[in-house]
2 protein chains.
Amino acid sequence: MAYRETEKMRQRKAQARNKIIECTWECVAEGGFRSARITRIAGLAGVATGTIYRHFESREDLFAEIFRLATQREVDKVAEALSVPGNAVERLDGALRKFAQRALKGPMKAWALIAEPVDPKVEQERLVYRKAYASLFEKAIQDGIAEGSLSEQNARLSSTCLVGAISESLVGPLSPTQTNTTPGNDNNQDELVNAIVCFCIRGLTDSRS
Amino acid sequence: MAYRETEKMRQRKAQARNKIIECTWECVAEGGFRSARITRIAGLAGVATGTIYRHFESREDLFAEIFRLATQREVDKVAEALSVPGNAVERLDGALRKFAQRALKGPMKAWALIAEPVDPKVEQERLVYRKAYASLFEKAIQDGIAEGSLSEQNARLSSTCLVGAISESLVGPLSPTQTNTTPGNDNNQDELVNAIVCFCIRGLTDSRS
DNA sequence: ACAAAGAATGAATAGTGATTCACTACTTGG
DNA sequence: CCAAGTAGTGAATCACTATTCATTCTTTGT
């Protein structure tokens, strides 16, 4: 017998796989998932189209993986923002801001992750990650209720509302058809983020307290 | 010369067109836009596939029209709920409830209108109608600010947050993969609607007032 | 009844791009 | 260098339906 997979080969394969992932994300950052063609990705990565299929079951699986990786980064950022010291309201405020600001900084990427119409497997991932966000927020809301900075409420549903309010508010500004790269819209963006966060924080805070 | 379009013919054509629209909506109610096949629609309507194209430019145009009609109905309901007598908070409360309850009553239809991945032309319509909802809410919020039942706020952004919070909260329950038709979930639905509406109303209400 | 014009038909076509697979080129241990 | 096994290739295929259009059927006014 002869060929047996060696460490060197394993690494080379991993490298190729990473290159494919990287180039796919590059394509997605240009025009979203829908317009990312396998041939284009292969071209960018400097491999043949068939090679893509040695690393991923299908286009959809590839996309699902890219989605997973990219979103996990964002979830981690939010988790990070929620784990600073301070009371729950402050921490949630910071996390929401971070979420919105990061999205506005990479509109096409954010649109692809948040709002682009995607195929079922990717949509599935999206649901998973929306739940991940919601869970993080839910935990913080429960902390807030426990420490008394937030009133009694259905933490799970409130967290879902947070995710929805912030996503929806960003969809318009993120929409690739009308992304304005006009200079001087930083103030608008700041105002946008402020208004969203204010709404959300009020939504969590009982006016009768 | 001979044939000249007559009233009778005009009506017959209009009838055929309506039948097509009706059957398309029936298909959509079964499995959303994506799975609604032209051949199936034609079959249901009792016409040949080619006939569809005498009444609509393309599948996408047909869908856009169906979307427009269906969503307009919903927008009208919300508008109706906002025009009852009472202060802004009460009216918004009622409108949000109506929106959520109607959606939960026809989950597949609501999913198709709110969350299903759709083609560009239909997505375009969706954006238009999200704005329509937001405008209605915005108007009510401004009323509330004027009459003092709501605090100063960016009415446009708050209204967008409302739309987002309520849509997102409904996506999970509406998702066709996990629609539970288990009996006895009416209470869950009521609680769901309550929590959403509470969050939204709190979001509009300043806790410092 | 006829001719002119439109409406309806539905089998055949076409466009798209993901996916396959027969083949070539490597890698490895002996 | 060989044999066995794996990775890479990319032109050809496939799958999927929306869309077309030559033909047939209806309607209309004379």
Side-chain angles (χ1 to χ4, degrees), chain A residues 1-24 27-28 30-67 116-122, chain B residues 1-21 23-24 27-28 30-67 117-122:
Chain A
M1 71 229 71
Y3 185 95
R4 190 65 52 88
E5 184 181 63
T6 181
E7 185 54 29
K8 180 180 143 206
M9 260 296 123
R10 227 190 311 283
Q11 287 197 335
R12 191 189 291 185
K13 276 202 284 177
Q15 206 170 345
R17 190 187 152 93
N18 284 341
K19 180 81 181 168
I20 291 168
I21 286 176
E22 200 181 290
C23 293
T24 305
C27 278
V28 171
E30 268 169 28
F33 287 101
R34 178 183 289 248
S35 74
R37 305 272 158 252
I38 290 289
T39 47
R40 175 100 209 291
I41 294 166
L44 278 177
V47 298
T49 56
T51 306
I52 304 278
Y53 289 87
R54 298 203 141 259
H55 292 276
F56 300 90
E57 278 286 311
S58 67
R59 181 178 123 110
E60 222 179 330
D61 280 296
L62 168 61
F63 285 177
E65 173 104 25
I66 266 62
F67 191 97
E116 184 185 359
V118 291
D119 286 59
K121 269 187 185 163
V122 180
Chain B
M1 71 228 68
Y3 185 95
R4 190 65 53 89
E5 185 181 63
T6 181
E7 185 53 29
K8 181 180 142 204
M9 260 295 126
R10 230 191 308 283
Q11 287 197 337
R12 193 188 289 184
K13 277 203 281 177
Q15 207 170 344
R17 191 188 152 93
N18 285 340
K19 180 81 179 169
I20 291 168
I21 287 177
C23 293
T24 305
C27 278
V28 171
E30 269 170 28
F33 288 100
R34 177 180 289 248
S35 73
R37 305 273 157 251
I38 290 289
T39 47
R40 176 97 209 293
I41 293 167
L44 277 178
V47 298
T49 55
T51 306
I52 305 278
Y53 290 87
R54 301 205 131 256
H55 293 277
F56 301 90
E57 278 287 311
S58 68
R59 180 178 124 111
E60 223 179 330
D61 280 296
L62 168 60
F63 285 177
E65 172 103 24
I66 266 61
F67 191 97
V118 290
D119 286 59
K121 269 188 186 164
V122 181

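Within every chain, numbering begins at 1; the chains are lettered A, B, ... in the order of the sequence lines, protein sequences first and strands thereafter. Both backbone and side-chain heavy atoms feed into the values below; hydrogens, waters and symmetry mates do not.
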Tell me: [atom1] of [X] to [atom2] of [N], nearest whole Å?
X       : N      : atom1 : atom2 : result
A/Gln11 : D/dA7  : CD    : P     : 15 Å
B/Glu7  : D/dT27 : CD    : P     : 16 Å
A/Arg4  : C/dC26 : CZ    : C1'   : 17 Å

- To the nearest 0.5 Å, what is the distance between NZ (A/Lys13) and CZ (A/Arg10)? 8.0 Å
- Query: CD1/B/Ile20 to CG/B/Leu62 distance, rounded to the nearest 0.5 angstrom?
  - Reply: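 Here the interatomic distance stands at 7.5 Å.
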- Query: A/Val47 and side chain to side chain contact (heavy atoms under 4.5 Å, CB included): which partner among A/Leu44, A/Thr51, A/Thr49?
  - Reply: A/Thr51
- Query: Is any side-chain N or O of A/His55 closer than 4.0 Å to OP1 or OP2 of D/dG8?
  - Reply: yes
- Message: Taking side chain to side chain donor-acceptor pair (under 3.5 Å) as the criterion, tell me which of A/Arg17, A/Lys121, A/His55 meets it with A/Glu65.
- Response: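 The option that passes is A/Arg17.
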- Could you list the residues that satisfy ring-ring contact (aromatic ring centres under 6.0 Å, His included) with B/Tyr53, not counting sequence neighbours?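 Not a single residue meets the ring-ring contact (aromatic ring centres under 6.0 Å, His included) criterion with B/Tyr53.
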- Under the ring-ring contact (aromatic ring centres under 6.0 Å, His included) test, residues paired with B/Phe56 that sit two or more places apart: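 If we apply the ring-ring contact (aromatic ring centres under 6.0 Å, His included) test to B/Phe56, skipping adjacent residues, there are no hits.
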- Is the number of heavy atoms from other residues, nucleotides or ligands under 6.0 Å of A/Glu57 CD greater than 12?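 Open.
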- Residues within residues 30-41 of chain A bordering DNA chain C, heavy-atom distance below 4.0 Å: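 Contacts with DNA chain C under 4.0 Å: A/Arg37, A/Ile38.
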- Item | Lys/Arg-Asp/Glu bridge criterion (N-O < 4.0 Å) met for A/Arg34, A/Glu116 |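 No.
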- Item | Criterion side chain to side chain contact (heavy atoms under 4.5 Å, CB included) on A/Thr24 and A/Phe63, from CA distance to verdict | CA-CA 8 Å; A/Thr24 305; A/Phe63 285 177; 3.8 Å; yes
- Note on the structure: Closest of D/dA7, C/dT19, D/dT28 to the A/Lys13 side chain is D/dA7
What are the atom names and distances for every N/O pair under 3.5 Å that joins the protein to nucleotides 10-12 of chain C?
| unit_1 | atom_1 | unit_2 | atom_2 | d |
| --- | --- | --- | --- | --- |
| C/dG10 | N7 | B/Thr49 | OG1 | 3.4 |
| C/dG10 | N7 | B/Gly50 | N | 3.1 |

- Sequence neighbours excluded, which residues qualify as side-chain hydrogen bond (donor to acceptor under 3.5 Å, both in side chains) partners of B/Ser58?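 For B/Ser58, the residues satisfying side-chain hydrogen bond (donor to acceptor under 3.5 Å, both in side chains) (neighbours in sequence not counted) are B/Asp61.
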- Determine whether B/Gln15 and B/Lys19 make a side-chain contact, defined as any pair of heavy atoms from C-beta on separated by less than 4.5 Å.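 No, every pair of side-chain atoms sits at 4.5 Å or beyond.
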- Query: Mapping B/Glu57 and B/Lys8 to their closest nucleotides on DNA chain D, which lands nearer the 5' end?
  - Reply: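 It is B/Glu57 whose nearest nucleotide is closer to the 5' end.
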Which pairs, protein N/O on one side and nucleotides 22-26 of chain D N/O on the other, fall under 3.5 Å?
none

